Every structure is written in C-alpha cells, then in structure tokens.
Amino acid sequence: MSRLLASAIATALLCAFWAEGSVSLGLITWAGFAGCTTFFAGGAKSQGFFKALRTNACGVFWAMMAIWFCEYADFIPFANGISTFIITFAICTQIKWKKLDFMTGVFIGCFSTFASGGQWLLVLASLACGAVLGFACEKLGDLIYNVSNQNISIPSFRTKRDEMVSE
C-alpha cells in the first residue's frame, strides 16, 4: 500500500469520527478541521502540533482583542476598520518572534473566533482538538503504511506460559 493511500484511509476514518463525535462533545466541528489543517500546514509531526496550538491560540487572542475593542469603542467612527488595521498589523509583525512566526495559524485562529461570534473558549478547545486530530491522522497513517508493507509487526500479547504450552 502506498503512503498516500494509508494516510488517506487514516485521515478519512478519523475525520469521520471527529465529525460525529465533536457534536456530542459540544465542540465546533469546522473549527476542529481548521485546527487539523493548521497542524498539517505547520509541518505536521510534533513541531506542527505545537506550532498549531501556539499560533491558533494567539489568533484567538487577537480576535478577542478586536471584538472587545469594537464592543467598548462603538462610539468611535470606523472602530471596525481601526481594530482590523491594528490587529492585522500586529499579526503581520509578530513573525519576528520565532514561536509565533506561523502567520497562517494565527489567522486561522483569529478568523475562526470571528466566525464563531466570539465564542473563544469553545473555539480554542475545538482548534486544540483539531491539532490532536491531525497528529492522530499522521500516526495512524504511518501505522497503516508500516503494517501493510510489513515494515513493523503488531506486537504479540503471548506470555511465557503460552510459549511453553505451544512447545
């Protein structure tokens, strides 16, 4: 089996579980998929996982700053435009900090928060679960690939007693 096919099977299976399970957990399904996308766009593996968590959370923070500014500064003309300018400028210039330099992840967190109407805790939880989903997709895809190509064997759960009986 090809690596692509193994990854496709793993990702389709786990995403189907997420689509069903996220609703029962009260999470935002599409935000979870956005977190999963951030994981893969961030390079996957453990680096992509932590990059997704950091940058998505940072985006949620910036979105809430904009929402709170507009809420309390509604008397200021062009408050939406002003907050958009400030937040976008901040996101674009923060790339000088290595831990927050993945601008795509920041914007995904930010716009997911806007799309949810500012439900920041729910978005944060959904995005984080999405990063876990991405990590699980990658690991399950690797496992399916390796097992199908006999690169590894599934561990046996036989005990010493079982070995003595079979001899």
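None of the values given here were measured: they were computed from a predicted structure.
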Do Trp30 and Val132 share a hydrophobic cluster (ILVMFWY, side-chain heavy atoms under 4.5 Å, transitive)? no
Common cluster, Val23/Leu14, ILVMFWY with side-chain heavy-atom separation under 4.5 Å: no
When rounded to the nearest 0.5 angstrom, what distance separates CZ in Phe40 from OG1 in Thr11? 5.0 Å
Donor-acceptor pair, side chain of Trp18 and main chain of Leu133, under 3.5 angstrom: no
Interatomic distance, Met64 atom CE to Cys110 atom SG [nearest 0.5 angstrom]: 10.5 Å
From NZ (Lys51) to NZ (Lys98), nearest 0.5 Å: 6.5 Å
To the nearest 0.5 Å, what is the distance between CD1 (Ile76) and SG (Cys70)? 9.0 Å
Are Val106 and Ile95 linked, directly or through intermediate hydrophobic residues, by side-chain heavy-atom contacts shorter than 4.5 Å (ILVMFWY only)? yes
Please round to the nearest 0.5 Å and tell me the distance separating atom CG of Leu27 and atom CG of Leu122. 6.0 Å
Spell out, as yes or no, whether a donor-acceptor pair under 3.5 Å connects the side chain of Ser83 to the backbone of Asn80. yes
Check whether any side-chain heavy atom of Thr113 lies under 4.5 Å from a side-chain heavy atom of Phe61, and answer yes or no. no
Going by the angle between their ring planes, with limits at 30° and 60°, are Phe111 and Phe107 parallel, tilted or perpendicular? parallel
List the residues meeting ring-ring contact (aromatic ring centres under 6.0 Å, His included) with Phe69, not counting sequence neighbours, and say none if there are none. none
Any heavy-atom pair between the side chains of Thr104 and Thr38 that's under 4.5 Å? no
In terms of heavy-atom contacts, Leu124 and Val60 come closest through CD1-CG2, 4.0 Å
Are Ile67 and Met65 joined in one hydrophobic group, where the rule is that I, L, V, M, F, W and Y side chains link up if heavy atoms are under 4.5 Å apart? yes
Exercise: identify the closest heavy-atom pair between Ile87 and Ala66: CG1-CB, 3.7 Å
Could you go step by step and tell me if Trp62 and Gln94 meet the side-chain contact (heavy atoms from CB on, under 4.5 Å) rule? CA-CA 11 Å; Trp62 284 122; Gln94 80 179 28; 2.9 Å; yes
I'd like to know if Val123 and Phe114 are part of one continuous hydrophobic network [Ile/Leu/Val/Met/Phe/Trp/Tyr, side-chain heavy atoms within less than 4.5 Å]. yes
Distance (rounded to the nearest 0.5 Å) between Ile144 CD1 and Leu5 CG: 9.0 Å
Does any N or O in the side chain of Asn56 come within less than 3.5 Å of the main-chain N or O of Gly105, such that one atom is a donor and the other an acceptor? yes
Between the main-chain N or O of Met1 and the side-chain N or O of Asn149, is there a donor-acceptor pair closer than 3.5 Å? yes
Between Ala19 and Thr29, which heavy-atom pair has the shortest distance, and what is it? CA-CG2, 3.9 Å
On a heavy-atom basis, the closest approach of Cys92 and Met103 is SG-SD, 3.9 Å
Could you tell me whether a side-chain N or O of Asp101 sits under 3.5 Å from a main-chain N or O of Trp97, the two making a donor and an acceptor? no
Say whether, by atom type as modelled, one donor and one acceptor occur between the side chain of Ser24 and the main chain of Gly21 under 3.5 angstrom. yes
Can you list every pair that meets side chain to side chain donor-acceptor pair (under 3.5 Å) and has a residue in residues 115-129, with sequence neighbours left out? none
Taking all atoms of both residues into account, what is the closest heavy-atom pair of Leu127 and Gly109, and its distance? CD1-CA, 3.9 Å
Any non-hydrogen side-chain atom of Glu138 less than 4.5 Å from a side-chain atom of Phe39? yes
State whether the side chain of Arg3 and the backbone N or O of Tyr145 hold a donor-acceptor pair below 3.5 Å, judged by distance alone. no
State, to 0.1 Å, how close Ala10 and Gly141 come at their nearest heavy-atom pair, and which atoms those are. CB-N, 3.3 Å
